[in-house]
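As structure tokens, the structure follows; a few thoughts come after it.
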2 protein chains.
Amino acid sequence: MTIAAVSRKYALTPDTLRYYERIGLLPPVARTSSGIRDYREDDCSWIEFIKCMRSAGLPIDFLVEYVKLFRQGDETLAQRIRMLKEQRDILAGRIADMHTSLDRLDMKIEHYENMMAPIEHEPKPME
Amino acid sequence: MTIAAVSRKYALTPDTLRYYERIGLLPPVARTSSGIRDYREDDCSWIEFIKCMRSAGLPIDFLVEYVKLFRQGDETLAQRIRMLKEQRDILAGRIADMHTSLDRLDMKIEHYENMMAPIEHEPKPME
DNA sequence: GCTTGACTTGGAGTACACTCCAACGTTTAT
DNA sequence: ATAAACGTTGGAGTGTACTCCAAGTCAAGC
């Protein structure tokens, strides 16, 4: 799979894909004999995982470290679990905070709509 | 209330408070005769609201526009409601996405813990 | 065999959101 | 009344995460 194809598939620019690989956010991708990246299944799985985690706001440092440990093999498993759990809790906390903000936004909207009501009051049909 | 007091109260640096005011994320704050900011109740409400919305990831542009419209008075109410609803939906979507990521993280953790289990298996007392 | 278009690299540039600083004025405690 | 602490401004600097670019390589179609 060429970089262009992967780019389309995951809506990440080729520049971003190369950038991610450069900083170690993705493991090095296999190359053709002439040096062109040839993305495999595994690479795609990583990209999807990384994209998902990045969109959730997990820090790049963490993910770089995670990728590094993963590539070191099974003896890093316990450490990776600890790291994942830590990030899981942080993420859960952020979701909770965002929910608080959402509720507040909803309250504000409701409040404003009540203010509007007397003006744009269109009597609804009884049924 | 001085800028230092507000800074402590909301855990925003004085620099950030001045920056927010400069870009219009906060309405201009009243000053003493010698030009020193004197934050009032209203200012604090704004700061708290803005802090909450920023922490939820609402864009600064949006909030600047919102503050601007608010200061223009009631004739902008309908527009503000539309804007709030739009942001509400975007936020709800982001929360949903983050929940997907959270679930995925949980699955990964569970999967890894199952891999660990045979190794660190400590037989639990029957009760 | 030559153009066209996709790929490569290293490095520079950009956008966002602060964050820091110098140079100066004001307030407060001794 | 003077030092220390806090406030002001405009502007420069920082960190993050890309994003763009020049200069060059490579493969495919005509």
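No hydrogens, no waters, no symmetry mates; every other heavy atom, side chains included, goes into these values. Just so it is clear, the structure is predicted and the values come from calculations on it, not from any experiment. Sequence lines set the chain letters: A, B, ... in the order given, protein chains first and strands last, and positions in each chain run from 1.
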Check against salt bridge (charged side-chain N to carboxylate O under 4.0 Å, His left out), B:E21 and B:R18: CA-CA 5 Å; B:E21 189 179 341; B:R18 283 187 286 255; over 6 Å; no
Pair listing, side chain to side chain donor-acceptor pair (under 3.5 Å) test, anchored in residues 42-55 of chain B, at least two apart: A:R104-B:E48
Stepwise side chain to side chain contact (heavy atoms under 4.5 Å, CB included) check, A:Y39 with A:L17: CA-CA 11 Å; A:Y39 291 84; A:L17 288 167; 3.8 Å; yes
Side chain to side chain donor-acceptor pair (under 3.5 Å) against A:Y20, all qualifying residues, sequence neighbours excluded: none
Heavy-atom side-chain contact between B:V29 and B:D38 under 4.5 Å: no
Partner set under salt bridge (charged side-chain N to carboxylate O under 4.0 Å, His left out) for B:R22, not counting sequence neighbours: none
For atom CD1 of B:I23 and atom P of C:dA15, their distance in whole Å: 16 Å
Side chain to side chain contact (heavy atoms under 4.5 Å, CB included) between A:L105 and B:L84, worked out: CA-CA 7 Å; A:L105 216 36; B:L84 290 174; 3.8 Å; yes
Distance test, side-chain N/O of A:R37 to OP1/OP2 of C:dT9, below 4.0 Å: yes
Salt bridge (charged side-chain N to carboxylate O under 4.0 Å, His left out) involving A:K108 - partner list, sequence neighbours excluded: none
Pairs involving residues 2-15 of chain B, ordered by first then second residue, that meet side chain to side chain donor-acceptor pair (under 3.5 Å) (sequence neighbours left out): B:T13-B:T16
Residue pairs involving residues 70-82 of chain A (criterion side chain to side chain donor-acceptor pair (under 3.5 Å); sequence neighbours excluded): A:T76-A:R80, A:R80-B:Y112
A:R18, nearest nucleotide to its side chain (from C:dT19, C:dC7, C:dT8): C:dT8
Closest non-hydrogen atom pair, B:I23 against B:V64: O-CG2, 3.6 Å
Outermost nucleotides of DNA chain D that come under 4.0 Å of a non-hydrogen atom of chain A: D:dA17 to D:dA27
Got a list of protein N/O to nucleotides 16-18 of chain C N/O distances below 3.5 Å?
unit_1	atom_1	unit_2	atom_2	d
C:dC18	OP2	B:Y20	OH	2.9

Length of the CG-C1' vector between A:D15 and C:dG10, whole Å: 12 Å
Short heteroatom pairs, N/O only, protein and nucleotides 27-30 of chain C, under 3.5 Å:
unit_1	atom_1	unit_2	atom_2	d
C:dT27	OP1	B:S34	OG	2.7

Helix axis bend for the helix from C:dG1-D:dC30 to C:dT30-D:dA1 - C1'-based end axes, five pairs, 10° rounding: 0°
Side chain to side chain donor-acceptor pair (under 3.5 Å) partners for B:S34, two or more places apart: B:T32
Any residue meeting side chain to side chain donor-acceptor pair (under 3.5 Å) with B:D97, in chain and number order, not counting sequence neighbours: none
